[in-house]
Amino acid sequence: MAKDGITPRSEDYAQWYLDIVRGADLADYAEVVRGCIVFKPTGYALWEAIQSGLDQRIKATGHQNAYFPLLIPKSFLMKEAEHVEGFAPEVAEVTHAGGEKLAEPYVVRPTSETIIGYFYAKWVHSWRDLPLLINQWANVMRWEMRTRPFLRTTEFLWQEGHTVHASEKDAERETLLILHEVYADFVEKEMAIPVIRGRKTEKEQFAGALRSYAIEAMMQDGRALQAGTSHNLGQNFAKAFDIAYTDQKNQLQHAWTTSWGVSTRLIGALIMAHSDDEGLVVPPRIAPLQVVVVPIFKTDSERLRVQEVMRCLTVEWQGRLRFKVDDRDQFSPGYKFNEWELKGVPVRVEIGPKDIDKGTVAVARRDVPGKPGKSFVPQRGLTEYLEGLLASIQQSLYGRALKFREEHTYEAGSYRELKDGVEKGFVRAYWAGTREDEDKIQEETGATIRVIPLEQPPERGKCVYTGKEASQMVVFARAY
RNA sequence: CGGGGAGUGGCUCAGCCUGGUAGAGCACCUGGUUCGGGACCAGGGGGUCGGAGGUUCAAAUCCUCUCUCCCCGACCA
């Protein structure tokens, strides 16, 4: 174990992840409630930053927020055959309330297609009511067998969009709009995590969907993490809940619905995409705190001088930088340096007596940990310098993650190469196999087809498993 | 749910095998000296050993049950 009790990534990646969660004070285990966590203030602030970036995009694409009940009549869940099958094993049920057994049990929502479907059936009558574009920010509960902080918890927070459209084409356009303009755009631009946009195979798609799409990101251990999904539900739920409208020709038509979601799992993605053995690394654009200032002084008169300079410098930052002055005097500067590195604040500014004499400050960038990332910068023009530095850190983190993914992506022409590749990262391979073939591969290698990328090579190839001619290239990986 | 590991001051862990009534380091509190990469000295407070039951004169220690966490696997945002 290194200092701070952070296990190096190279030694034990899973333990490293847990050490970061604990060290950066993101979450606590809710040990009295199985599989749940407490989002501590630092962790919750990350979620709020994620929420804000997504919410903006969700609204910019024409959606409105609403909120539906946490409890869903159990019978609702049963109405869509594949949906029940997919979710039944993991729902929690409320059987008693008010001291009595309920006539019909409720389930705690694992996702809200059914309850929202019920209301949409009441709200949609005419083609003029469409599209209906609603999003909800909510908590959901899934009784998973194995949980890990953020990546998979029994209760988690997410947003789920639920829309209704007049035609398959409209629903498909919506599904892809969300994938590109909301999810991929947010995760790449704000979280600095490159993603592969693609379609899910039948094996991996949402229970009850016609087609599922996802963005997949690579973590630093080469495994894939699904960072967001968008589903074209076809008419499955519209038929199950009788969501229908009268079209321009006065014909009654079943509508087409979509649903799409991202969850607090994104916090796990953030950790595993950028952090290092020193602690958490947060991209500046979503960092709740972008700059921390550590004043340095020995005597009272030095303290006053430092405080004065600090005040002059930071007054300009209001509204331009999210910053904090760490003026706790019970900790030494060295301690603070390490603590803020552990917590992932992108930039640290140190101001001490020597700086005041020279008219400089020390600036340390988190993406280059320790002394190598530290330099002395003139006080004049500091705000602009910091803004530029934050942008450059954002760029650098994205670039680094993209380079990592490229270096850990392999082309496989044979099953042997596929097996080897998924040990180390993503494998791109031609595919013409069946669902059964995919099951078999998962059994043998632990890997699944993460996505069928939307961007396909122009030429056809030979299926990595069956040897048949294949028209599509897929990405295999072991997944979280 | 199957296999493995672990629950002892806030944290990391020793003690358990060979029962005798709990210990270290860090953290915390007080005072002083420190402060540009995790400061030091002195003094001090804090745990009934995950929970329940059992064996025993006596249980952190032995037995049974149970809960929780971690790792691997199957399932999944």
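Numbers restart at 1 for each chain; the letters A, B, ... are given by sequence-line order, proteins then strands. Source: prediction; values computed, not measured.
With sequence neighbours excluded, the residues forming a side-chain hydrogen bond (donor to acceptor under 3.5 Å, both in side chains) with A/H63 are A/T61, A/E174, listed by chain and number. Among residues two or more places apart in sequence or in another chain, the side-chain hydrogen bond (donor to acceptor under 3.5 Å, both in side chains) test is passed with A/K74 by A/E93. Every residue meeting the side-chain hydrogen bond (donor to acceptor under 3.5 Å, both in side chains) condition with A/R305, not counting sequence neighbours, appears here in chain and number order: A/D357. Residues meeting the side chain to side chain contact (heavy atoms under 4.5 Å, CB included) test with A/Y118, sequence neighbours left out: A/F76, A/K122, A/F241. Annotation: side-chain hydrogen bond (donor to acceptor under 3.5 Å, both in side chains) contacts of A/E155 (sequence neighbours excluded): A/N139. Checked against ring pair (Phe, Tyr, Trp, His ring centres under 6.0 Å), A/F156 has the following partners two or more places apart in sequence or in another chain: A/W158.
Summarising the geometry, atom CG belonging to A/D367 is positioned 4.0 Å from atom OG belonging to A/S396; distances are rounded to the nearest 0.5 Å.
One interatomic measurement links the two molecules: OH of A/Y480 to P of B/G73, which rounds to 10 Å at whole-angstrom precision. The nearest whole Å value for the distance from the CD atom in A/Q442 to the P atom in B/C72 is 16 Å. What separates NZ of A/K343 from P of B/G37 is a distance of 21 Å, to the nearest Å. The distance from atom CZ of A/F150 to atom C1' of B/A77 is 15 Å, rounded to the nearest whole Å. Rounding to whole angstrom units, CZ of residue A/R22 and P of B/A27 are separated by 15 Å. A straight line from CD of A/E160 to C1' of B/A77 spans 11 Å, rounded to a whole angstrom. To the nearest angstrom, P of B/A77 lies 18 Å from CG of A/L54. One can place NZ of A/K40 at 10 Å from C1' of B/G10, the figure rounded to the nearest angstrom.
Put simply, the side chain of A/R109 never gets that close to the backbone of A/I115: no donor and acceptor are under 3.5 Å apart. With hydrogens and angles disregarded, no donor-acceptor distance shorter than 3.5 Å links the side chain of A/T383 to the backbone of A/W317. The closest donor-acceptor contact from the side chain of A/R142 to the backbone of A/P110 lies under 3.5 Å.
Checked against the 6.0 Å centroid threshold, A/F476 and A/W431 count as a close aromatic pair. Between A/F337 and A/F331, the gap from one ring centroid to the other reaches at least 6.0 Å. Note: A/F237 and A/H83 meet the aromatic proximity criterion, with ring centroids under 6.0 Å apart.
Nucleotide B/A6: paired with B/U68 (Watson-Crick or G-U wobble, both distances less than 3.5 Å). Of the nucleotides present, B/G32 is the one that pairs with B/C40 by Watson-Crick or G-U wobble criteria, both distances under 3.5 Å. Of the nucleotides present, none pairs with B/C49 by Watson-Crick or G-U wobble criteria with both distances under 3.5 Å. Under the Watson-Crick or G-U wobble criterion, with both distances below 3.5 Å, B/C57 is paired with B/G20. Nucleotide B/C11 is matched to B/G25 when pairs are restricted to Watson-Crick or G-U wobble geometry with both distances under 3.5 angstrom. When both distances must be under 3.5 Å, the Watson-Crick or G-U wobble mate of B/G73 is B/C1.
Rounded to a whole angstrom, the distance from the C1' atom of B/U56 to that of B/C63 is 12 Å. Taking atom P in both B/C17 and B/G50, the straight-line distance is 15 Å, to the nearest Å. B/A59 and B/U21 have their P atoms separated by 11 Å, with the value rounded to a whole Å. Across B/G31 and B/G37, the matching C1' atoms stand 27 Å from one another, rounded to whole Å. Taking atom P in both B/C29 and B/G45, the straight-line distance is 15 Å, to the nearest Å. With both ends at atom C1', the span from B/U12 to B/C49 equals 16 Å, rounded to whole Å.
Side-chain nitrogen and oxygen atoms of A/Q330 include none within less than 4.0 Å of the OP1 or OP2 phosphate oxygen of B/C28. Contact annotation: A/T229 side-chain N/O to B/A77 OP1/OP2 distance is not under 4.0 Å.
Residues from residues 354-366 of chain A that place a heavy atom under 4.0 Å from any atom of RNA chain B, listed by number: A/K354, A/D355, A/A362. Annotation: proximity of residues 294-310 of chain A to RNA chain B (heavy atom, distance under 4.0 Å) is found for A/I296, A/F297, A/K298, numbered in ascending order. Within residues 196-219 of chain A, no residue is approached by RNA chain B to less than 4.0 Å at the level of any non-hydrogen atom. Residues of residues 80-95 of chain A that place a heavy atom closer than 4.0 Å to RNA chain B do not occur.
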Nucleotide N/O of nucleotides 68-71 of chain B paired with protein N/O under 3.5 Å:
| residue | atom | partner | partner atom | Å |
| --- | --- | --- | --- | --- |
| B/U68 | OP2 | A/R34 | NH1 | 3.4 |
| B/C69 | OP1 | A/G35 | N | 2.8 |
| B/C70 | OP1 | A/Y29 | OH | 3.1 |

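Nucleic acid contact class of A/R328 (heavy atoms, under 4.0 Å, all strands): none. Counting any heavy atom pair closer than 4.0 Å across all strands shown, A/G352 reaches a base atom. Base engagement by A/T153 is indicated by at least one non-hydrogen atom pair under 4.0 Å involving a base atom. The residue A/G446 sits apart from the nucleic acid: no heavy atom pair falls under 4.0 Å. Using a 4.0 Å heavy-atom distance criterion, A/Q226 is classed as a sugar-phosphate-only contact.
Distance from the side chain of A/F331 is smallest to B/C28 among B/C28, B/G36, B/A77. Nearest nucleotide to the A/S263 side chain, out of B/C1, B/A77, B/G37: B/A77.
A/K336 contributes no side-chain N or O that forms a donor-acceptor pair with the base of B/G37 under 3.5 Å.
Here A/Y335 does not count as stacked on B/G37, because the ring centres are not under 5.5 angstrom apart with planes under 30°.
A cation-pi geometry, defined here as NZ or CZ lying under 6.0 Å from the six-membered ring centre and within 45° of its normal, does not hold between A/R57 and A/F186.
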Q) What do the steps show when you test A/E188 against A/I215 for side chain to side chain contact (heavy atoms under 4.5 Å, CB included), and what is the final call? A) CA-CA 10 Å; A/E188 293 192 328; A/I215 52 172; over 6 Å; no
Q: Would you sort out whether A/L454 and A/L179 count as a side chain to side chain contact (heavy atoms under 4.5 Å, CB included), showing the intermediate values?
A: CA-CA 11 Å; A/L454 296 180; A/L179 191 78; 3.9 Å; yes
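Classified by interplanar angle (parallel below 30°, tilted 30° to 60°, perpendicular above 60°), the ring pair A/Y44/A/F39 is perpendicular.
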Side chains of residues 368-380 of chain A: which donor-acceptor pairs under 3.5 Å do they make with residues two or more places apart or in other chains?
| residue | atom | partner | partner atom | Å |
| --- | --- | --- | --- | --- |
| A/K374 | NZ | A/E350 | OE1 | 3.0 |
| A/K374 | NZ | A/E350 | OE2 | 2.9 |
| A/Q379 | NE2 | A/T360 | O | 3.0 |

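Atom OH of A/Y106 has 12 or fewer neighbouring heavy atoms from other residues, nucleotides or ligands inside a 6.0 Å radius.
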